[in-house]
Amino acid sequence: MSELRRDRITGSWVIVAPQRGLRPRMKSGSERAQKRLHFDPACPFCPGNEAQLPGIIAEIKMQDAPGWRARVVPNKFPAVQIDSETPVADGHHQARPGKGLHEVIIESPWHDAELASMSATELIAVVGVYRERLRTLLDHTDSAAAILFRNYGQDAGASLVHPHAQIIALDVVPQHVAAISEWAKRYHSDYGRCPLCEELGIECESGARIVDENAHFVALVPFAAQHPFELCLVPKRHQTSFTELEEIPAFAGLLGRVLIRLKASLGDPPYNFVVESAPRKEITALHWHWRLRLVPDVVTWGGFELGSGLPINPSSPEDNARLLREIDPGS
Ligand SMILES: [Zn+2]
Ligand SMILES: [Zn+2]
């Protein structure tokens with residue numbers, strides 16, 4: 001069972017989930033070998049290995065074998081659970097049950113598939129499942145916020161090679177989301193504008209940090225990127241929550257192109273992406289504007305970042321954007 005523990009010194013919360021330590025892990029050095037397998041008999045996400053799954057929540061069907069294009073399954077080693085019990089109090093510390101839902105989206109039946117090389121049809125199916133599951137999980141009566149994320153590569157925290165993303169819904173709004181809310185709310189009340197709409201206007205006019213775009217979305221390196229080659233995919237139209245995403249083919253197309261650019265310029269780096277989207281209570285708030293934030297895992301934060309919470313980006317966002325923009329992602 002999971003619990004949320006509060007640090008008395010910083011006031012920060014942490015999810016303590018010892019059961020996650022039991023996850024199967026790729027053996028060091030085996031990632032490259034595993035990636036070459038089209039089917040892995042030991043992989044719980046490969047077709048035919050359903051007995052290793054805790055269940056199947058939803059499926060996108062297809063006519064060809066194995067009959068499904070994408071699948072949603074419960075996380076076998078969840079960070080939070082809906083029935084987490086109240087932790088036994090020690091009389092000194094603040095702790096609460098780690099309540100929530102933790103799902104895995106298996107993005108392809110093929111072990112060696114990659115978002116960067118998927119067809120338009122495949123990518124559209126994947127993004128469609130992202131939106132549906134985020135809607136469903138955020139709609140749960142116990143949910144306050146839901147985080148959709150993807151860890152790619154062992155160094156970015158992926159414990160399995162098979163292409164997948166995850167969603168964790170919590171009964172509290174996590175600190176990072178609350179901080180974005182608070183900042184944006186204040187900005188909106190001070191200036192009467194959504195900060196991201198305003199930033200987008202400035203970025204599109206300058207073009208210096210724009211990497212790619214289509215009719216509905218822009219991919220850019222943020223002005224104050226915290227990491228080298230950090231990227232944001234932003235809807236051009238003010239849109240509060242990813243659950244409102246309507247232009248799925250346009251978003252899927254841009255995501256695919258950005259991943260191709262990243263792979264070609266940095267040589268297939270590990271990365272994390274996360275959808276920063278309004279918590280449930282603020283789903284109609286004017287100050288929230290969702291974005292997908294992608295961070296390649298190319299530098300490790302050191303002691304200063306740990307001690308100050310102030311990231312040092314050892315690269316230039318403008319140079320990063322130029323390099324990514326100059327790659328030809330194909331049509
Ligand atoms: Zn697999
Ligand atoms: Zn906006």
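Both ligands and their constituent atoms are indexed starting at 1 by order of listing. Quick caveat, the model's predicted, so the values are computed rather than measured.
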Q: Of all N/O/S atoms in His238, which lies nearest to the Zn ion (ligand 2)?
A: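 In His238, the N, O or S atom with the shortest distance to the Zn ion (ligand 2) is ND1.
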Q: Measure from the Zn ion (ligand 2) to every N/O/S atom of His289 and report the name of the nearest one.
A: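 Nearest N/O/S atom: ND1.
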Q: Please tell me whether His162 and His111 form a close aromatic pair, meaning their ring centres lie under 6.0 Å apart.
A: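 Here the rings of His111 and His162 have centres that are less than 6.0 Å from each other.
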Q: Only N/O/S atoms count here: what is the atom of His162 closest to the Zn ion (ligand 1) called?
A: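 Of all N, O or S atoms in His162, the Zn ion (ligand 1) lies closest to ND1.
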Q: May I ask you to check whether His216 and Phe251 place their ring centres under 6.0 Å from each other?
A: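 Between His216 and Phe251, which both carry aromatic rings, the centre distance is not below 6.0 Å.
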Q: Flag the pair Tyr187 / Trp288 as yes when their ring centroid distance falls below 6.0 Å, and as no otherwise.
A: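 No, the ring of Tyr187 stays outside the 6.0 Å limit from the ring of Trp288, centre to centre.
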Q: How large, to 10°, is the angle at the Zn ion (ligand 1) when you draw lines to ND1 on His111 and to SG on Cys43?
A: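 It comes to 110°.
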Q: Other residues, nucleotides and ligands only: do more than 12 of their heavy atoms fall within 6.0 Å of CZ on Arg5?
A: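 No, the 6.0 Å shell around CZ holds no more than 12 heavy atoms from other groups.
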